[in-house]
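Indexing begins at 1, ligand by ligand and atom by atom, following the structure's order. The shown structure was predicted, so the numbers you read here are calculated from the model rather than taken from an experiment.
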Amino acid sequence: MVKITINGRNINAPEGVTVLHAARENNINIPTLCENEAVAPYGACRLCLVEIKTAKGRQRLVTSCLYQVEEGLTVQTNTERIQKIRKMLIELLLARCPDSDVIQQMAKEHGVTGGRLTPQTGNNKCILCANCARTCEEVVGVSAISLSKRGVERELTTPFGEDNSDDCIGCGSCSYSCPTGAITMEDKNGTRKITWPHNEMKFKMKKCSVCGQFWAPVKQVEYVAKTSGTPVTDYDICPNCRE
Ligand code: SF4
Ligand code: FES
């Protein structure tokens with residue numbers, strides 16, 4: 001355990017955890033968008049900025065989702081300086097993604113009204129945090145999508161910018177992990193449709209041989225069977241009917 005203070009509160013935190021983790025464990029709220037415990041920390045949105053002072057007296061701003069606790073660390077999560085930077089970051093995100101309910105709500109909570117920057121059009125809700133791509137690679141093990149290009153052209157795409165990604169198994173993990181609702185998923189009439197900011201793909205779904213419900217994309221079932229070394233026929237019955 002190491003002793004730190006957050007906003008003046010004395011806290012004992014396990015070695016190796018991030019400042020964000022220690023804050024959350026002690027019910028201290030730090031706003032985040034790109035943080036996702038299922039994947040390695042990335043530090044894309046910068047909203048979790050905090051001010052720190054080390055035991056040696058060094059002061060600076062750090063992203064709390066990346067910075068690990070250390071003995072004698074003093075953390076401030078909501079100073080005037082932090083609030084000003086956070087508001088500016090949210091204003092930029094709002095201009096980029098004016099149609100995202102999540103960003104709108106965040107702007108409201110932080111008193112950001114927009115108006116100084118011209119909002120982008122086209123219902124783009126992607127903040128380029130790469131949560132989707134990191135989940136696809138690190139959790140699913142597929143790497144069907146990634147961020148490509150640089151600067152203002154940076155975007156989420158399938159490999160080589162093709163409309164279709166052969167690697168994609170249609171599991172929808174990207175949609176679940178997206179913090180801003182930029183990726184949607186719909187299951188209808190035996191087909192799953194996943195819509196990313198710049199393309200969409202459809203996947204045939206597997207029908208349960210007992211209840212007749214379509215319960216998972218065929219490609220996902222085949223992938224799970226292959227990676228687990230089990231016969232694909234083991235998945236003829238949906239999880240509900242197997243219980
Ligand atoms: S689609 Fe969502 S998860 Fe993927 S980069 Fe954009 S905001 Fe992040
Ligand atoms: S949550 Fe830390 S940079 Fe996004």
Under 4.0 Å to a heavy atom of [X] - the qualifying atoms of ligand 1, by number:
X: Thr180; answer: 7 (S)
X: Ile127; answer: 6 (Fe), 7 (S)
X: Ile183; answer: 1 (S)

If you count the atoms of ligand 2 from 1 in the order shown, which ones are under 4.0 Å from a heavy atom of [X]?
X: Cys65; answer: 1 (S), 2 (Fe), 3 (S)
X: Cys48; answer: 1 (S), 2 (Fe), 3 (S)
X: Glu35; answer: 1 (S)
X: Gly43; answer: 3 (S)

How close does the nearest protein non-hydrogen atom get to [atom], and which residue and atom is it?
atom: atom 5 (S) of ligand 1; result: Ala130 N, 3.2 Å
atom: atom 3 (S) of ligand 2; result: Arg46 N, 3.2 Å
atom: atom 3 (S) of ligand 1; result: Cys132 N, 3.3 Å
atom: atom 6 (Fe) of ligand 1; result: Cys126 SG, 2.3 Å
atom: atom 8 (Fe) of ligand 1; result: Cys129 SG, 2.4 Å
atom: atom 2 (Fe) of ligand 1; result: Cys178 SG, 2.3 Å

Does CD in Glu37 sit with more than 12 non-hydrogen atoms of other residues, nucleotides or ligands closer than 6.0 Å?
no
Looking at Glu91 and Arg116, does any basic side-chain N land under 4.0 Å from a carboxylate oxygen?
yes
Could you tell me whether Asp236 and Lys206 have a side-chain N and a carboxylate O separated by less than 4.0 Å?
yes
Part of Leu156 within contact of ligand 1 (heavy atoms, under 4.0 Å):
side chain
Verify whether one side chain among [X] and [Y] offers a donor that lies under 3.5 Å from an acceptor in the other.
X: Asn7; Y: Thr77; answer: yes
X: Ser173; Y: Thr135; answer: no
X: Gln68; Y: Thr18; answer: no
X: Thr32; Y: Arg24; answer: yes

Does any N, O or S atom of Cys34, backbone or side chain, fall under 2.8 Å from atom 2 (Fe) of ligand 2?
no
From atom 2 (Fe) of ligand 2 out to just under 2.8 Å, does an N/O/S atom of Cys45 turn up?
no
Between ligand 1 and Pro179, can you find any atom pair, the residue atom being a heavy atom, that is separated by under 4.0 Å?
yes
Nearest non-hydrogen partners of Asp99 and Asn124, listed with the distance:
OD2-N, 4.2 Å
Cation-pi geometry met for Arg192 and Trp215 (6.0 Å, 45°):
no
Heavy-atom donor-acceptor pair, Glu71 side chain to Ala55 backbone, under 3.5 Å
no
Side chain, backbone, both or neither: the part of Ala44 lying under 4.0 Å from ligand 2 by heavy atom
backbone
Sole residue of Arg58, Arg81, Lys84, Arg86 in salt bridge (charged side-chain N to carboxylate O under 4.0 Å, His left out) with Glu51:
Arg81
